[in-house]
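Reading through the structure tokens given below for one structure.
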Amino acid sequence: MTPAVLADLVRSTAETVLTEHGLDTAVLPATVTVERPRNPEHGDYATNVALQVAKKAGVPPRDLAGWLAEALAADVTITSAEIAGPGFINLRIAADAQGEIVRQVLDKGAGYGKGDALTGTRMNLEFVSANPTGPLHLGHSRWAACGDALGRVLTAAGAEVTREYYINDAGVQIDKFAASLIAAAKGEPAPEDGYAGAYVGDIAAEILRREPSALSLPDDERTQTFRDLGVALMLEEIKRSLSEFGTEFDVWSSEKSMYASGRVEASVEELKQHGHLYEADGAWWLKSSDLGDDKDRVVIKSDGVPAYIAADIAYLLDKLERGFDPCIYMLGSDHHGYIGRLKAIASAFDHDPAVVEVLIGQLVNLLRGGVPVKMSKRAGTMITLEDLVEAVGVDAARYALVRSSHTSTLDIDIELWTKRTNDNPVFYVQYAHARLSSLLRNASELGLTVPDAATTAAADLGLLTHEREGDLIRTIGELGRVISTAAELREPHRVARYLEDLASAYHKFYDSCRVLPQGDEQATGLTTARLALCAAARQVLANGLALLGVSAPERM
RNA sequence: GCCCUGGUAGCUCAGCGGAUAGAGCAGGAGCCUUCUAAGCUCUUGGCCGCAGGUUCGAGUCCUGCCCAGGGCACCA
């Protein structure tokens, strides 16, 4: 009896009950809420459906709850159904019915937890998109971890996801970068407004290694060489950092290519023809204030050069033409002003502005023992992704970044995330997986059969009646809902929190339920059932960690 | 001035309108001849920033205010 099956049972029972009392079944929601109560005394599951529909149905909630409870209690899978409070129904599930959750995990394996809530949606997920003018810093790291995890979660919920990185390889910042590289190559200090940091010197040196005569080229060619090689090398390094961080992209889009391919010109022309652009003070403006934005935006500057937004327009149109809905942008809080203009652009192309979905991430601070870490060897003042990974490792870095809601600022304390105790959530969760792996290895060494998809039928899961067993099974049963909720709300941190609950449920089970026989004891049916539960718990931990891109170690 | 995001235990943070608001850490007291003690158990600790409103029911939704961070370019 999975939560979804239980919800269906409650709904269909409610339908029957309403009909029997001559009431309209249309008042029932499409899916009724069945949740695990915080207080275990309130049962295994509880439903508030009577409270929800009583008013619409025109009956007192407790009366409706009473009828429903009586009908539910008649089902063989339900051992008790009691009315509580204003009209909740608290349910207890028969152990063998509940054991079906374990069977389902073993049956589906790595696929357990996947759903179809988002099946049929083609999503574009753009994240990181850091300028190729410097290494990835902490803010980018947050998006690398959250974006990657969100991509995995959305995919698990059935969406078709394209992960995309937009390379700002055109414009003024790139020119400044090139100028900084040239200065560094000459051994001169960085120009004002240029890029400092040790990496500039490294890249300049690499350019000179590849093109020893680069400095003596004519000005135009020299700038061109340093710009192109510099961007290529920086991008290479960014890609390597991301790859080592376990974050992969499907599509790398280039701002420069938006111009080269004529997309910028074409999309601007299209806006003109639709009457969304007007000329004033020698510039072309997008009439975005008519489309929900705060103000109008200059698209073509009075000197005839397209403004930055021109490429954004071309790029969004490109995404829309590729058929994505929604187009998700993960941006730092300093870019929240983008929301209005991006939605305005979508509107200008006759799309629902809701096609543009912007997630705004707050800052990340790095601390050591409560003291802010300030300097980075590499980037001068910024702390880089590689600094973070060097300090705590990939698993802890990813987990720390994805564990909290991206809407709140985040403090990551190096001291905490390198601890090997349960202060450190990633170790707590990984330890549960390692502990389970060890237990299952020991079972095999004892010659015991650990139930799998093929042999699960032999296990009598109705023997799992201990409170801690039930709690662990029901927690395992939540993965599907956690994934669909995390996907729909775009909140991958829910997966991490869930894993901590699951690890806790497992550790508590482990503490009070002996699995393997000791001494001269013989394995019993309970041994087999508990091994099945352990195999399922391990699978679910592994599935959840995979969604976060964090490893599930066999040993620690 | 306008916009965005926070404000929940000493600290770091959960909490998709539900019951007596949670976890970890920190403080206090316990549990290893036995499957990994990187674990578990008990315990101390709350005007959920403030004030109204909607609701059978508000930490959660709405309005106003206070505080903190960020943003409001013919920059990218």
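Numbers restart at 1 for each chain; the letters A, B, ... are given by sequence-line order, proteins then strands. Note that this is a predicted model, so its numbers are computed, not measured. Computed from heavy atoms alone, side chains included, the values below leave out hydrogens, waters and symmetry copies.
For Y315(A) and Y166(A), the gap between ring centers is short of 6.0 Å. Checked against the 6.0 Å centroid criterion, the rings of Y431(A) and H507(A) qualify as a close aromatic pair.
Put simply, the side chain of H507(A) and the base of rC40(B) share no donor and acceptor less than 3.5 Å apart. Scanning atom types as modelled, one donor and one acceptor separated by under 3.5 angstrom connect the side chain of S302(A) and the base of rC74(B). Scanning atom types as modelled, one donor and one acceptor separated by under 3.5 angstrom connect the side chain of H336(A) and the base of rG70(B). Interface remark: the D423(A) side chain does not form any donor-acceptor pair with the rG24(B) base, using a distance-only criterion of under 3.5 Å. Side-chain N/O atoms of Y338(A) and base N/O atoms of rA76(B) include a donor-acceptor pair closer than 3.5 Å. The base of rA19(B) is paired with the side chain of N90(A) by a donor and an acceptor separated by under 3.5 Å.
Glycosidic conformation of rC32(B): syn, with the torsion inside 90° of 0.
The side chain of A307(A) approaches rA76(B) more closely than any other nucleotide in the set rA14(B), rA76(B), rG70(B). Candidate nucleotides rU41(B), rC74(B), rG15(B) were compared by shortest atom distance to the side chain of A283(A), and rC74(B) ranks first. When the nucleotides rC3(B), rG18(B), rC35(B) are ranked by their closest atom to the side chain of Y510(A), rC35(B) comes out on top. For L489(A), the listed nucleotide lying nearest its side chain is rC16(B); candidates were rG18(B), rA14(B), rC16(B).
Here F88(A) counts as stacked on rA19(B): its ring centre is under 5.5 angstrom from the base ring centre and the planes meet at under 30°.
No contact: K419(A) has no heavy atom under 4.0 Å from any strand. Residue-level contact check: R341(A) touches the bases, meaning some heavy atom is under 4.0 Å from a base atom. Here L410(A) lies in heavy-atom contact (under 4.0 Å) with sugar-phosphate atoms only.
Taking the ring centre of F427(A) as origin, the terminal cationic atom of K419(A) falls outside the region bounded by 6.0 Å and 45° from the ring axis.
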